[in-house]
Protein chains: 2
Amino acid sequence: MSSQKYYVDAPKNYVAVDCVIFGYEDYELKLLLHPRPVEPEKGKWALMGGFCGVDESLEQAAERVLEINTGLADIFLDQVHAFSLPQRDSGGRVISMVFYALIPLFQQDVERVNAKGAKWFPISNFPSLVFDHSQMVENALKKLQMRASYHLVGRELLPDQFTLMQLRRLYEAIFQQELDPGNFRKKVLSLKVLERLNKKNTTESKKGAYLYKFIPKAAAGTERILNMGITI
Amino acid sequence: MSSQKYYVDAPKNYVAVDCVIFGYEDYELKLLLHPRPVEPEKGKWALMGGFCGVDESLEQAAERVLEINTGLADIFLDQVHAFSLPQRDSGGRVISMVFYALIPLFQQDVERVNAKGAKWFPISNFPSLVFDHSQMVENALKKLQMRASYHLVGRELLPDQFTLMQLRRLYEAIFQQELDPGNFRKKVLSLKVLERLNKKNTTESKKGAYLYKFIPKAAAGTERILNMGITI
DNA sequence: ACAAAAGTGTTCAACCTACACCCATGG
DNA sequence: CCATGGGTGTAGGTTGAACACTTTTGT
């Protein structure tokens, strides 16, 4: 079927994906950047990206970019926005689909990440980026906040087992604001998507805090809205 | 700058836009479809679409498609999702960006719309569509519902002046559920984005209802969330 | 008179917010 | 003993859902 040539006269474009890669460490939301490996603007800080081949979907292209740069597969990915102003890339007319990815930082392939000079930056303080990549980050963060106010996002960013304090600190990092510990606990537990384990973590507090894990998606009840007051 | 040839070896793809065009009439949300004008699948019901040229953004391409088919410019457009499975279009590998558009139905160019057999269908009952277009409609409706629960969308779909009943009927059409007249009125007015005029519409009720209009965006206060209970 | 929509008010439950308070323990 | 986080409880305000009630007028 695709051997037929229906659209021979139609224009073709370069199509790329750019990945806004989020991780969480040291109570901070982080962003993975690398020095752009190709001209133009070679060497300047940029999002990781690549062209979309003719036999792969945009999602597959983004997975490929992630796998090459972090060694990780099976990563949460979500479309953010397509950037397509004809002059956005000084190297040519490239339509770029932005994805954001959520990476469990502790299980990354550190050597591969470091190999080409990639670095994690705190979301609150990262260098200026090539082209429209800064705007891509801004859009991606908004979309992540949106998602985080509807779904608990810890599953993709935290270890399998975690304390409620760790989950709260993650949310504080995502929304850049402090949250009331007691209220956060009650709200999150009311969602009934966490299971308390019979273990305690005593490294981060004297008393020790119960560890929780996410109920497997299939078994989880209907998730409810988490009202984090995001108005767009 | 774009005369430089940086990306000569990179793959190129056909890129298209498809528009999910929403209108509102007779207390129903409607969808504009036309018989697909080209092979393959020529003649079957489809969204209006077109290829993205090398000198225009995706948004400009969508505006062009809209202008050609409805005669309207300056239409509200919002990106929905990019569909890019390699086999999604049996005519070739086309990456398609879906937009939804909100059209003030009463000011459309009826002749132009009818010229190529286009028709408005109620959102609750439209024919099956080519390729993945049905899924595009589904995604677009969800996105519209999302937007409508954050922003009052009447500005793009209703006449300049309208009654609160008309606005409520619009929301009932978008969310496919009845809304309490009293509560809707209170909620909407509390947003402080409507201005009551000293005129009444007496064609839809015996008593007559005040007409309202949207406060111009610049002068409007900060819009607040309209909680229509949408969980995604 | 009656039906239908306009417009206002009231009640109850649910929820969010801001705290206070006790518990456990490592230093 | 005291600072820190763990965990529970509570008082007050806000909001949404359901619904009662009065007003107005065309038929």
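Proteins come first, then strands; the chains are lettered A, B, ... in the order of their sequence lines, and each starts at number 1. For clarity, every value in this text was computed on a predicted model and none was experimentally measured.
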task = Rounded off to whole Å, could you give me the CZ-to-P distance for the A/R168 and D/dG7 pair?
result = 11 Å
ask   = Atom NZ of A/K187 and atom C1' of C/dT17: how far apart are they, to the nearest Å?
value = 13 Å
ask   = Given D/dG16, C/dA5, C/dG7, which nucleotide is nearest the side-chain atoms of B/M165?
value = C/dA5
query = Where the side chain of B/D132 meets the backbone of B/Q135, is there a donor-acceptor pair that is under 3.5 Å apart?
reply = no
task = Grab the CG-P distance between B/D180 and C/dA6 for me, whole Å please.
result = 13 Å
ask   = Do A/Y171 and A/Y24 have their ring centres less than 6.0 Å from each other?
value = no
request  = Please tell me which of the listed nucleotides, D/dT4, C/dG7, D/dG6, lies nearest to the side chain of B/Y210?
outcome  = C/dG7
request  = Provide, to the nearest angstrom, the distance between the CG atom belonging to B/L179 and the P atom belonging to D/dA17.
outcome  = 9 Å
message = Just the rounded figure in Å: distance from P of D/dT4 to CG of A/L164.
response = 21 Å
ask   = Any donor-acceptor pair under 3.5 Å between the side chain of A/K207 and the base of C/dT25?
value = no
request  = Grab the OH-P distance between A/Y212 and D/dG6 for me, whole Å please.
outcome  = 11 Å
key: A/K186 vs D/dT8: side-chain N/O to OP1/OP2 distance below 4.0 Å   = no
ask   = Rounding to a whole Å, what distance do you find between A/R196:CZ and D/dT8:C1'?
value = 13 Å
note = DNA chain D nearest-nucleotide lookup for B/N183 and A/K200: closer to the 5′ end is A/K200
ask   = Is a side-chain donor or acceptor of A/T70 paired with a backbone partner of A/E67 at a separation under 3.5 angstrom?
value = no
query = Which residue, A/E204 or B/T202, contacts DNA chain D at a nucleotide closer to its 5' end, judged by nearest heavy atom?
reply = A/E204
inquiry  = Taking the minimum atom-to-atom distance to the side chain of B/A209, which one of D/dG5, C/dG7, D/dT25 wins?
reply    = C/dG7
Whole-Å gap separating P (D/dT24) and CG (B/N201) = 18 Å
ask   = Below 6.0 angstrom between ring centroids: does that apply to A/F121 and A/W45?
value = yes
note = Those residues at least two apart in sequence (or on a different chain) that pass salt bridge (Lys or Arg N to Asp or Glu O under 4.0 Å) with B/E172 are B/R168, B/R169
key: Residue closer to the 5' end of DNA chain C, A/G182 versus A/G208 (nearest nucleotide)   = A/G182
request  = Output yes when at least one side-chain N/O atom of A/R185 is less than 4.0 Å from OP1 or OP2 of D/dT8, else no.
outcome  = yes
